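A short write-up of the structure that comes next.
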There are 4 protein chains.
Amino acid sequence: MTDMSVNTLKAISTKELLINAAVRQFHHKGFQKTRISDIVGEAGVAQGTFYLYFKSKEEIFKNICTEHMNLFQKVFQETEILFGGKNIDEIRGNIHRFLKKLLAVYKENLHVSELLFREGVGHNDLFKEINEKFFMEFITLIREHMRRDIPSARFRLTDVETVSVFLFGVFERSAFYFMMIQKQFDTQRLAEQMAHFMLNGLQLNITK
Amino acid sequence: MTDMSVNTLKAISTKELLINAAVRQFHHKGFQKTRISDIVGEAGVAQGTFYLYFKSKEEIFKNICTEHMNLFQKVFQETEILFGGKNIDEIRGNIHRFLKKLLAVYKENLHVSELLFREGVGHNDLFKEINEKFFMEFITLIREHMRRDIPSARFRLTDVETVSVFLFGVFERSAFYFMMIQKQFDTQRLAEQMAHFMLNGLQLNITK
Amino acid sequence: MTDMSVNTLKAISTKELLINAAVRQFHHKGFQKTRISDIVGEAGVAQGTFYLYFKSKEEIFKNICTEHMNLFQKVFQETEILFGGKNIDEIRGNIHRFLKKLLAVYKENLHVSELLFREGVGHNDLFKEINEKFFMEFITLIREHMRRDIPSARFRLTDVETVSVFLFGVFERSAFYFMMIQKQFDTQRLAEQMAHFMLNGLQLNITK
Amino acid sequence: MTDMSVNTLKAISTKELLINAAVRQFHHKGFQKTRISDIVGEAGVAQGTFYLYFKSKEEIFKNICTEHMNLFQKVFQETEILFGGKNIDEIRGNIHRFLKKLLAVYKENLHVSELLFREGVGHNDLFKEINEKFFMEFITLIREHMRRDIPSARFRLTDVETVSVFLFGVFERSAFYFMMIQKQFDTQRLAEQMAHFMLNGLQLNITK
DNA sequence: GATGAATGAGGCTTCATTCAT
DNA sequence: TATGAATGAAGCCTCATTCAT
């Protein structure tokens, strides 16, 4: 009987094999130093097979990054209220919960996260595009949530545009620093401190 | 005697010629795509001459970056009081003044700044080293100033280590975003908003 | 039964599909640049199918060329008298008629003709073989007709061997030049001038 | 003493080394089958050296062909009177002398001549360009000489344009056939017969 | 110090051909 | 017969680095 298997044990396609191999190799050696031959070697297919699925090393990289960005987007989409709440504690709780989720995604896909932030933007059009897209999408998502959750009257001294960049900076550089450089940290505590800092920075702690 | 010298018009050394050419080329093409031949071509010297001064493309890059980092360090060193002051307004003024100087250095050396932040860290040992060094030095400098200027009692909920990363994130990502991606902004206003956000984030606005 | 058959609408065999596709592709891209994948793509069959009918790209090319040469041969065979006639005008008429037919075959199968003359002979054994074979057969046919139609006494100063090459040269280079390079010409007039030139060149215009 | 040598014993430049090697290899294997590595191997230089002088295999080929075409042009230029003369014998003598020179150039540079005519025009832009250029230049040179030497009244039944193509065909296909395919022939006799055929073909043998 | 021609390892990419289904 | 994914040999080209002058 050829029924491949009772349920969801799906055979891994060659394309998936290549993507998985590429993630591992990019993580191990970095994008620049990874040769196509490393990827196909890891995937266990022939050199030419790579070109059946991707035009170049750039393309498979883009593929991987785009997929990854979607994970972050999903966290934003699944979050009903981010910067709002009935009182300070609830607001802080919301921010905190959100940041924990974000950090978790970051951590669970550390390999790819690292790729996205470590691999330079350079002047390489590919990286420039990917990296700027990521940056833009991220702050746009933050901005939308801010507009939705915070009365605009709040923003007397600062504008939403700028502040969303600040928040992104706090999150992204911290994630990068603690996960990539320090390599040891307490997610729970980091999220707490971040929430605290953001709450104050945005002055959401002040009674109306 | 040719009149090329009367006073301080010192002849540019071949080494300087190469460094200037490298900065221009790295900025134009990015590190990866810049060939030694591009650098010597721009500098107007022969291919082999490069190797009289630098062991490799990596070395000249490192050279450029280190020089650049020193500029930032100097701003920190020249700053007496950063997070302190007799009252909120004075504190904010200090932070503001400091950030303006930092942004100015960033802007004046945009070419090299861009190199430092755009060129990926990759897994290339060189970039990893340079980039992490920059990161570490920057937050260390912030941390020292915080320890010097802020009573430790302030840090109940957050620790200085972490918060210094937050501040770095706010500054660095903003500078990157507004100067490299958006390419237009108001330094004065950006510094103000950043000072405001940091002040609140650190809760330095709360009376003891 | 599907109505695709009622009468003589015979289904095109896969082999024919491939040959037609190959002619189009060879004409479009030339032999060297045409890939097997182009041919099967044009024919609408799978990659592997090609090898059920032809051992290689060379083989299908040879196949096409041989077929084509037969068309020219037929013109020679169908010609009773080429270089003969009761008087000058009749001779010229015979040559003229013959050349018109030859040019017509050339023109009607321009795609393949072009292949035969454009595709280099190179040192590729395949082309060498095909091209030399074409050359040899052509001049042999001319020679036979000359021997049949012209009293050998005519050839005092020239030998049939050599003159047949001259005639081939006149025809073939003209056809190539006017059809492939200039791409516009008057068949009737070209045949006339060619007949005229050949007649004189061979001195068939001189009374015995 | 470094004076390289008393007189014209000039050192062969690397570029010349490559060209000579390329001619030999192209002749031996044909253009398509010759690899850059064959050329540099024959020349005794490194792979990369090739690219210091030529962008590609195509370029060196073009280089060789253009050089070769100039040799033919020179024969035309050095010929004062081609199709003219005081009487038939003188005309025939002029044509004969010219053809002998042309055949001699062809023969002396047999390797390159073969390249030009064997290597197909294909649909390769390079070959198309080179081959058509050669064709055009050749017939243009013939035409100019015809216009100069022959009273236009002669051309009642034929036009110079067309006839020049005929003459080219006679010469070129003969040279190709006897030198490349048959590989043995008598230059003197071939030139004689060709002169004879052309003279008659053009009807220059008819008293005005 | 300065030159720049020469080197040659290294990696990308193509594509004819095979073979299990 | 027909399929088309997979193969892998083959060759091009780049460019950091060397070295004789």
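Each chain gets a letter, A, B and so on, in the order the sequences are listed, and its residues count up from 1. Note that the coordinates shown come from a computational prediction; the quantities given were computed from them, not determined experimentally. Just the heavy atoms: all of them, side chains too, but no hydrogens, waters or symmetry mates, feed the values below.
Screening residues 38-49 of chain D for salt bridge (Lys or Arg N to Asp or Glu O under 4.0 Å), with sequence neighbours left out, gives D:Arg24-D:Glu42, D:Lys29-D:Asp38, D:Arg35-D:Asp38. Legend: ring pair (Phe, Tyr, Trp, His ring centres under 6.0 Å) pairs involving residues 32-53 of chain A, not counting sequence neighbours, sorted by first then second residue: A:Phe50-A:Phe54.
The side chain to side chain donor-acceptor pair (under 3.5 Å) test applied to B:Glu137 returns B:Gln73, not counting sequence neighbours. In this structure D:Val112 satisfies the side-chain contact (heavy atoms from CB on, under 4.5 Å) test together with D:Val23, D:Ile64, D:His68, sequence neighbours excluded. Listed by chain and number, the residues in a salt bridge (Lys or Arg N to Asp or Glu O under 4.0 Å) with A:Glu59 are A:Lys55 (sequence neighbours excluded). For the salt bridge (Lys or Arg N to Asp or Glu O under 4.0 Å) test, no residue two or more places apart in sequence or in another chain qualifies with D:Lys57. A search for salt bridge (Lys or Arg N to Asp or Glu O under 4.0 Å) contacts involving C:Glu16 returns nothing, not counting sequence neighbours. For the side-chain contact (heavy atoms from CB on, under 4.5 Å) test, residues two or more places apart in sequence or in another chain that qualify with B:Leu110 are B:Tyr106, B:Met179, B:Met180.
Across all their heavy atoms, B:Thr34 and B:Gln25 have their closest contact at OG1-O, 3.2 Å.
Contacts of B:Tyr53 with the nucleic acid, taken as non-hydrogen atoms under 4.0 Å apart, involve only primed sugar atoms and P, OP1 or OP2.
Residue A:Leu52 contributes atom CG, which lies 11 Å from atom C1' of E:dC15 at whole-angstrom precision. Rounded to whole Å, atom P of E:dA16 lies 15 Å from atom CD of C:Glu59.
Take the nearest nucleotide of DNA chain F for B:Lys55 and for D:Phe50: the residue whose nucleotide is more 5' is D:Phe50.
When DNA chain F is scanned in the 5' to 3' direction for atoms under 4.0 Å from non-hydrogen atoms of chain B, the outermost contacting nucleotides are F:dC15 to F:dT18.
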>> In dot-bracket form, 5' to 3', how is DNA chain E paired? Count Watson-Crick and G-U wobble pairs only if both distances fall under 3.5 Å, and write | where the partner sits on another strand.
In response: .||||||||||||||||||||
Give me the distances for all protein-to-nucleotides 8-12 of chain E N/O pairs that come in under 3.5 Å?
unit_1: E:dG8; atom_1: N7; unit_2: D:Gly48; atom_2: N; d: 3.2
unit_1: E:dG11; atom_1: OP1; unit_2: A:Arg35; atom_2: NE; d: 3.0
unit_1: E:dC12; atom_1: OP2; unit_2: A:Ile36; atom_2: N; d: 3.2

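Atom CD1 of residue B:Ile12 and atom CG of residue B:Leu18 lie 11.5 Å apart, to the nearest 0.5 angstrom.
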